[in-house]
Amino acid sequence: MADQLTAATIRADVAELLHRRPDESFDTEDLFDSGLDSVRLMTLLERWRDAGAEVSFVELAERPTVQQWVKLLVSRDE
């Protein structure tokens with residue numbers, strides 16, 4: 001199920017909530033410094049859980065970059 005998530009979909013989901021373009025280079029930025037807050041993080045968490053990801057709020061909050069989230073969400077089921 002989590003295989004529905006890709007680096008591109010994760011990046012697009014984050015970009016949407018931060019009002020950025022998915023093709024911008026922000027994979028290594030601290031997303032909290034870029035405007036992500038706990039409400040937006042919960043939105044992403046629920047979206048990704050609906051796609052089958054098994055991840056917690058704390059796991060995402062401790063790794064606040066797209067690059068780290070891709071490793072966590074995409075690599076977990078490989």
Side-chain angles (χ1 to χ4, degrees):
M1 295 352 157
D3 59 342
Q4 297 172 354
L5 290 175
T6 65
T9 58
I10 292 166
R11 186 178 300 106
D13 289 345
V14 172
E16 175 188 340
L17 290 183
L18 295 180
H19 306 287
R20 308 224 4 214
R21 292 187 335 265
D23 61 343
E24 284 183 58
S25 179
F26 60 91
D27 287 359
T28 59
E29 288 179 25
D30 183 313
L31 296 172
F32 293 116
D33 291 342
S34 299
L36 187 74
D37 58 26
S38 60
V39 173
R40 289 184 177 116
L41 181 55
M42 283 302 299
T43 300
L44 291 170
L45 178 63
E46 291 306 314
R47 185 179 295 182
W48 295 337
R49 282 182 176 167
D50 288 346
E54 294 181 16
V55 65
S56 72
F57 181 91
V58 172
E59 287 177 301
L60 295 176
E62 288 177 340
R63 301 164 180 85
T65 69
V66 170
Q67 183 179 54
Q68 291 170 318
W69 289 353
V70 167
K71 287 180 185 175
L72 182 66
L73 296 165
V74 176
S75 302
R76 186 172 270 185
D77 288 338
E78 292 182 339

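Contact of the E16 side chain with the R11 side chain is not registered, since no non-hydrogen atoms from C-beta on lie closer than 4.5 Å. W69 places a side-chain heavy atom less than 4.5 Å from the side chain of V14.
Judged as a salt bridge (Lys or Arg N to Asp or Glu O under 4.0 Å), and not counting sequence neighbours, E62 has no contacts.
Side-chain polar atoms of T28 and Q67 form no donor-acceptor pair below 3.5 angstrom.
In this structure, CG in D33 is found 14.5 Å from CZ in F26, a value given to the nearest 0.5 Å. Note that CD of E54 and CG of L72 are 11.5 Å apart. Values are rounded to the nearest 0.5 Å. Atom CD of Q68 and atom CD1 of I10 lie 12.5 Å apart (nearest 0.5 Å). To the nearest 0.5 Å, atoms CZ (R20) and OG (S25) are separated by 8.5 Å. Atoms CG and CG, from L45 and D13 in turn, are 12.0 Å apart once rounded to the nearest 0.5 Å. One distance of note links CD of E29 with CG of L36; it measures 11.5 Å at 0.5 Å rounding.
Remark: the backbone N or O of E59 is paired with a side-chain donor or acceptor of R63 at under 3.5 angstrom. E46 places no side-chain N or O within 3.5 Å of a backbone atom of T43 that could act as its donor or acceptor partner.
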### Task
Kindly indicate, with the supporting measurements, whether the criterion salt bridge (charged side-chain N to carboxylate O under 4.0 Å, His left out) is fulfilled by D37 and R40.
CA-CA 5 Å; D37 58 26; R40 289 184 177 116; 3.6 Å; yes

### side-chain contact (heavy atoms from CB on, under 4.5 Å) between L44 and L17, intermediate numbers included
CA-CA 9 Å; L44 291 170; L17 290 183; 3.4 Å; yes

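The side-chain contact (heavy atoms from CB on, under 4.5 Å) test with L5 singles out one residue from V55, V70, L73, and that residue is L73.
Across P64 and A61, no two heavy atoms sit closer than the pair CD-O, 3.7 Å.
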